[in-house]
Amino acid sequence: MLTFDHVHFYYKKGQTIINDVNFTIQAGEFVSIVGANGSGKSTVAKLIDGLLLPKKGTVKFQQLDTTNPDELMKIHQQVGFVFQNPEDQFITTTVMDEVLFGLQNIRVPREEMRGRVDTALRAVQMEEYLEAMPHQLSGGQKQRVAIAAILAMQPKMIIFDEATSMLDPQGRKQVLSIMHELHDQGMTIIHITHHMEEVLSAERILLIHEGHLEFDGDPFVFFETMSVEKYQLQLPFAVRLRKTLQLDPPFTVNWKEGIRSQWSIN
Ligand SMILES: Nc1ncnc2c1ncn2[C@@H]1O[C@H](COP(=O)(O)OP(=O)(O)OP(=O)(O)O)[C@@H](O)[C@H]1O
Ligand SMILES: [Mg+2]
């Protein structure tokens, strides 16, 4: 569905920000991207939906190439982006207008709009706030409205770039559970985060280190086999506990499911 093929990127000549990155993400996957501050995660996210274009190599979303302007339009319609700070995403004055705004941009027929707005707001449990002003909502509610605005456009993939990092534990939990609900319904989810507990509930983890793809695989294998401190990351509490108590074995289905159900935030 999404392919990075020998992708290189820099902002200024002489820099190397993304260095020969290769991966393929299939439709319906839930992938976490992790790495230290400045390692290139947001740059990768922007390369995915063509906000940035590779200097070398190709980025393709369902065979559409981000460097082709006609194809890029189609990519924008299918890939949604939720940012860290919900404030940055609001343009209008009511929740309803906020969700309508994107629909007008992609020229959804007028008679279809209201239905899409209602469905999207219901999906994030914000249907009662239709007339509310986005700026007066709590952080978690704002983020849910931002997600609704994207859902209304019926994308195939949503990238969450640290979308939970400014929220309190309750807000984080709600947004994360929406992400998992969408995933259960077949949406492809890319979740960029510094919260390792959240990573446990992903199906796959990509570690970006100094612009390289340093690890691509199962989060449990990642935490058990990599020295995460080297990448300014922390082990999730459950994995630390397992290591401290020397419980074994780490890779069994029961162990994974036990951690997922008890310890991952989801
Ligand atoms: N618009 C820009 N112009 C120039 N350099 C940039 C720009 N945006 C990012 N960079 C640089 O590119 C590198 C990667 O940045 P990026 O934002 O992708 O990192 P990140 O992994 O998302 O970090 P964080 O965890 O802090 O969000 C950093 O060195 C950053 O300073
Ligand atoms: Mg970032």
Side-chain angles (χ1 to χ4, degrees), residues 2-23 25 30-59 61 66-67 72 75-76 79-90 139-140 142-143 146-147 150 155 157-168 171-172 175-176 179 188-202 204-217 219 222-223 226-236 265:
L2 169 73
T3 311
F4 268 50
D5 188 13
H6 296 289
V7 173
H8 292 254
F9 182 82
Y10 52 82
Y11 290 95
K12 293 186 214 103
K13 267 216 147 65
Q15 272 181 326
T16 308
I17 301 290
I18 297 299
N19 192 0
D20 198 27
V21 166
N22 297 284
F23 62 82
I25 291 176
F30 192 123
V31 179
S32 261
I33 303 184
V34 303
N37 288 135
S39 55
K41 303 178 297 297
S42 295
T43 305
V44 166
K46 289 174 191 157
L47 285 162
I48 293 175
D49 85 339
L51 286 172
L52 297 173
L53 300 176
K55 302 293 182 187
K56 248 174 39 186
T58 49
V59 176
F61 182 80
T66 56
T67 54
L72 185 57
I75 296 175
H76 282 321
V79 180
F81 216 126
V82 183
F83 298 93
Q84 180 171 24
N85 186 351
E87 300 274 347
D88 294 345
Q89 316 179 41
F90 295 132
K142 283 179 188 155
Q143 211 53 314
I147 295 169
I150 285 163
M157 172 189 278
I158 303 184
I159 305 166
F160 295 83
D161 190 353
E162 296 189 41
T164 57
S165 65
M166 293 178 76
L167 307 181
D168 65 18
R172 266 175 63 199
V175 167
L176 215 40
M179 289 165 59
T188 312
I189 304 285
I190 297 190
H191 179 32
I192 300 175
T193 182
H194 287 283
H195 291 284
M196 294 303 116
E197 320 296 326
E198 296 180 2
V199 172
L200 282 180
S201 63
R204 178 176 166 196
I205 180 171
L206 303 182
L207 167 69
I208 310 284
H209 179 58
E210 296 175 355
H212 281 287
L213 182 58
E214 193 97 348
F215 182 94
D216 175 356
F222 174 75
F223 290 122
M226 303 286 281
S227 344
V228 295
E229 303 79 20
K230 191 174 150 197
Y231 309 105
Q232 275 84 53
L233 304 175
Q234 272 197 329
L235 287 176
I265 302 177

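These numbers were taken from a predicted model, which means no experiment stands behind them. In listed order, ligands and their atoms are each counted from 1. Start at 1 with the first residue, then count along the sequence.
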Exercise for review: Give the residue and atom name of whichever protein heavy atom lies nearest to atom 17 (O) of ligand 1, and the separation in Å to one decimal.
Suggested key: S42 CB, 3.7 Å
Revision key, fill the gap. Of all heavy-atom pairs linking N22 and L213, the shortest is O-CD2, 3.2 Å
Point to revise | Backbone of H195 reached by a side-chain donor or acceptor of T193 within 3.5 Å | key: yes
Check your understanding: Under the side chain to side chain donor-acceptor pair (under 3.5 Å) test, which residues partner D49, sequence neighbours left out?
Key -> none
Point to revise | Non-hydrogen atom of E162 closer than 4.0 Å to ligand 1 | key: yes
Practice item. Pick whichever of K41, Q232, Q15 has a heavy atom sitting closest to atom 21 (O) of ligand 1. Key: K41
Point to revise | Close approach of H194 to ligand 1, heavy atoms, under 4.0 angstrom | key: yes
Check your understanding: Between H209 and S39, is any pair of side-chain heavy atoms under 4.5 Å apart?
Key -> no
Check your understanding: Would G35 count as a contact of ligand 1 if the rule is a heavy atom under 4.0 Å away?
Key -> no
Point to revise | Flag: protein heavy atom within less than 4.0 Å of atom 9 (C) of ligand 1 | key: yes
Check your understanding: Between V59 and L2, is any pair of side-chain heavy atoms under 4.5 Å apart?
Key -> yes
Check your understanding: Donor-acceptor pair, K41 side chain versus G35 backbone, under 3.5 Å?
Key -> yes
Review point. Is the closest N or O pair between S39 and ligand 1 shorter than 3.5 Å?
Key: yes
Check your understanding: About how many Å separate CG of L207 and OG of S32, when rounded to the nearest 0.5 Å?
Key -> 11.5 Å
Check your understanding: Is there a heavy atom of G211 sitting under 4.0 angstrom from any atom of ligand 1?
Key -> no
Check your understanding: Y10 ring centre to K55 NZ or CZ under 6.0 Å, with the angle to the axis within 45°?
Key -> yes
Review point. Which pair of non-hydrogen atoms, one from E214 and one from Y231, has the smallest distance, and what is that distance?
Key: OE2-OH, 3.1 Å
Review point. Based purely on interatomic distance, does T43 place a nitrogen or oxygen under 3.5 Å from a nitrogen or oxygen of ligand 1?
Key: yes
Check your understanding: Looking at atom 26 (O) of ligand 1, what's its closest protein heavy atom, distance included?
Key -> N37 ND2, 3.0 Å
Point to revise | Polar proximity ligand 1 side, I17 side, N/O cut 3.5 Å exclusive | key: no
**Study point:** Main-chain N/O of M196 paired with Q234 side-chain donor or acceptor, under 3.5 Å
**Key:** no
**Study point:** D161 side-chain N/O to F83 backbone N/O, donor-acceptor pair under 3.5 Å
**Key:** no
Review point. In terms of ring plane angle, is the pair F23 and F4 parallel, tilted or perpendicular, where the classes change at 30° and 60°?
Key: parallel
Exercise for review: For atom 31 (O) of ligand 1, state whether the nearest protein heavy atom is under 4.0 Å away.
Suggested key: no
Revision key, fill the gap. protein heavy-atom neighbour closest to atom 11 (C) of ligand 1 works out as Y11 CE1, 3.9 Å
**Study point:** N, O or S atoms of the protein lying under 2.8 Å from the Mg ion (ligand 2)
**Key:** S42 OG
Check your understanding: For A163 and V82, which heavy atoms make the closest approach, and how far apart are they?
Key -> CB-CG1, 3.8 Å
**Study point:** Protein heavy-atom partner closest to atom 29 (O) of ligand 1 - residue, atom, separation in Å
**Key:** G38 O, 3.9 Å
